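The next block holds one structure in the form of structure tokens; read it before the comments.
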Amino acid sequence: MKSTLLLLTALVVGLTSCKSSKPGHDDAHEDGHDEAAPAKTHDEPEDEHHVHVPQEMLRDLRVTTAKVEARPGGESVTALGELTFSEDAYAEVSTPVPARVAAVVVTTGQAVKQGQRLADLQSPELGRARAELQAAQARATAARQAAERKRTLADERIVARKDVQAAEAEAAASEAEVAAAKASLLSLGTSGASSDGTPNFVLRAPIDGTVIERAARLGQMADPSQPLFRIGDLSSLWLIVHAFERDAVRLKPGTEARVTFAAFPGQEFPAKVGHVGQRVDPSSRTIPVRLELDNSKGQLRPGMSATASVPLGDSDATLTAVPAAALQRVENGWVAFIPTPEAGVFELREVGRGRSVGTLVEVLSGLSVGEQVVVEGAFLLKAEVEKSKGGGDEHGH
């Protein structure tokens with residue numbers, strides 16, 4: 001009985017082994033594995049190295065790009081500042097005497113030329129000064145004529161010589177009164193105005209520029225202490241930054257700088273060091289530094305806050321750099337997104353991240369100068385990559 005049981009057990013085991021090792025079963029399994037493996041290997045790199053964004057999503061996704069640039073690799077200083085007008089291209093125009101605004105002929109934002117009429121004003125004080133000048137001129141004319149007659153009569157021995165001298169002294173005094181009246185009129189700032197005794201005068205632009213502010217209103221009483229117009233040349237602006245004294249002493253006029261503004265994210269504006277201050281602020285231990293910016297396109301506005309990156313000293317070293325937003329942190333390091341000719345497809349490329357250089361970041365590897373990288377929109381592309389990876393894991397499970 002025991003021997004029979006052992007014999008049946010061995011037979012069952014043998015049949016099971018034979019069934020599991022049939023040639024047809026093994027070939028099917030091996031062939032299926034060999035076909036699937038290469039397909040997975042071929043598809044996997046395309047999924048990992050490219051991001052596909054649907055067209056409907058691409059329309060809502062704001063994407064901006066920037067070129068990978070070569071920048072000076074020496075040490076630099078970053079400083080904050082505020083835009084202002086050039087000192088030689090800004091004027092506040094006010095009335096030279098208390099006056100009433102009779103007419104205003106320019107408005108805010110209007111370009112004006114030097115000497116152009118801005119407003120017409122009326123001043124009783126000016127009227128009195130002109131009347132005094134006219135009266136002094138009339139007295140001087142009469143005194144000169146009287147002195148001339150006395151000289152003629154003296155030559156004919158009709159009047160005494162002392163009478164001639166008295167008439168000449170009176171004429172000289174009248175001429176002095178005219179000079180004094182002219183000086184009084186000149187002190188009112190209206191030397192080029194009409195001398196017909198009227199209280200009217202014209203306010204003119206002292207420089208070429210744009211009317212930045214107009215406070216003049218028809219009928220108002222204007223005071224010399226309050227500007228009626230502010231005029232500035234916006235084609236070139238100054239950025240005044242404050243650098244710590246240890247850095248400021250190493251800055252040189254003419255050095256090229258890079259400026260960024262909160263109003264224009266991702267953009268940089270070239271500037272040049274125009275002047276380094278001569279005095280240290282005792283409270284902050286900083287020195288004011290003037291940077292000059294070209295604003296021929298009219299994008300910038302006085303009063304804007306800015307951040308400037310200025311190289312220190314002389315250095316011929318260069319580095320490869322991109323805007324900080326172009327590099328995105330992932331699990332294994334940093335990546336950048338490069339647009340491809342195919343719409344909605346972006347190449348995902350691993351890069352080596354170096355030090356920060358102002359608003360830029362040094363790229364140690366993975367990108368070449370001149371390539372285009374996504375700046376605005378890079379974070380959303382990274383989120384799309386992480387979403388697709390997460391979705392793939394869930395589906396696999």
Side-chain angles (χ1 to χ4, degrees), residues 32-78 258 260-268 307 309 317-397:
H33 180 273
D34 292 341
E35 290 177 1
K40 184 177 181 182
T41 303
H42 181 269
D43 293 338
E44 192 173 24
E46 183 179 353
D47 293 338
E48 288 184 353
H49 292 77
H50 290 82
V51 183
H52 298 259
V53 180
Q55 288 298 322
E56 59 272 12
M57 179 179 176
L58 190 62
R59 286 193 297 267
D60 299 330
L61 179 63
R62 177 175 171 81
V63 174
T64 63
T65 62
K67 278 188 177 181
V68 181
E69 299 184 42
R71 291 298 178 86
E75 188 180 358
S76 63
V77 59
T78 300
R258 295 283 174 173
T260 59
F261 297 88
F264 303 102
Q267 293 189 48
E268 284 191 337
T307 302
S309 178
T318 59
L319 56 83
T320 303
V322 295
L327 299 190
Q328 295 295 317
R329 179 77 175 180
V330 294
E331 183 179 358
N332 298 323
W334 295 86
V335 297
F337 297 92
I338 294 84
T340 69
E342 185 178 351
V345 179
F346 301 87
E347 180 187 348
L348 173 65
R349 192 180 300 177
E350 295 181 359
V351 298
R353 188 185 192 279
R355 59 193 172 98
S356 296
V357 185
T359 59
L360 303 179
V361 174
E362 180 184 13
V363 176
L364 301 176
S365 62
L367 295 173
S368 301
V369 174
E371 285 190 291
Q372 292 282 348
V373 293
V374 175
V375 180
E376 189 175 354
F379 178 78
L380 295 178
L381 289 176
K382 183 192 80 165
E384 186 66 17
V385 171
E386 293 175 342
K387 178 182 176 182
S388 63
K389 286 183 177 180
D393 293 342
E394 291 174 5
H395 181 70
H397 289 309

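What you are looking at is a predicted structure, and each value in this text was computed from that prediction instead of being measured.
Taking the side chain as every heavy atom from C-beta outward, Glu268 and Leu360 approach each other to under 4.5 Å. Within the 4.5 Å cutoff, no side-chain heavy atoms of Glu362 are placed close to those of Arg353. Contact annotation: the side chain of Val385 approaches that of Phe337 to within less than 4.5 Å [non-hydrogen atoms, C-beta and beyond].
The two atoms that bring Pro339 and Gln372 nearest to each other are CD-O, 3.5 Å, heavy atoms only. The nearest pair of heavy atoms linking Val345 to Thr340 is O-OG1, 2.7 Å. In this structure, Ala325 and Ala378 approach most closely via the heavy-atom pair O-CB, 3.6 Å. Residues Leu367 and Thr320 approach most closely at O-CG2, 4.4 Å, considering heavy atoms. Listed here is the closest heavy atom pair of Val373 and Ala326: CG2-CB, 3.9 Å. When every heavy atom of Glu347 is checked against every heavy atom of His50, the shortest pair comes out as CA-CD2, 4.2 Å.
Rounding to the nearest 0.5 Å gives a distance of 9.0 Å between CD of Glu331 and CD of Glu386.
Relative orientation of the Phe264 and Phe261 rings is perpendicular, given thresholds of 30° and 60° on the angle between their planes.
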- Are Val68 and Val363 close enough, and set up right, to give a side chain to side chain contact (heavy atoms under 4.5 Å, CB included), and what steps lead you there? CA-CA 9 Å; Val68 181; Val363 176; 5.5 Å; no
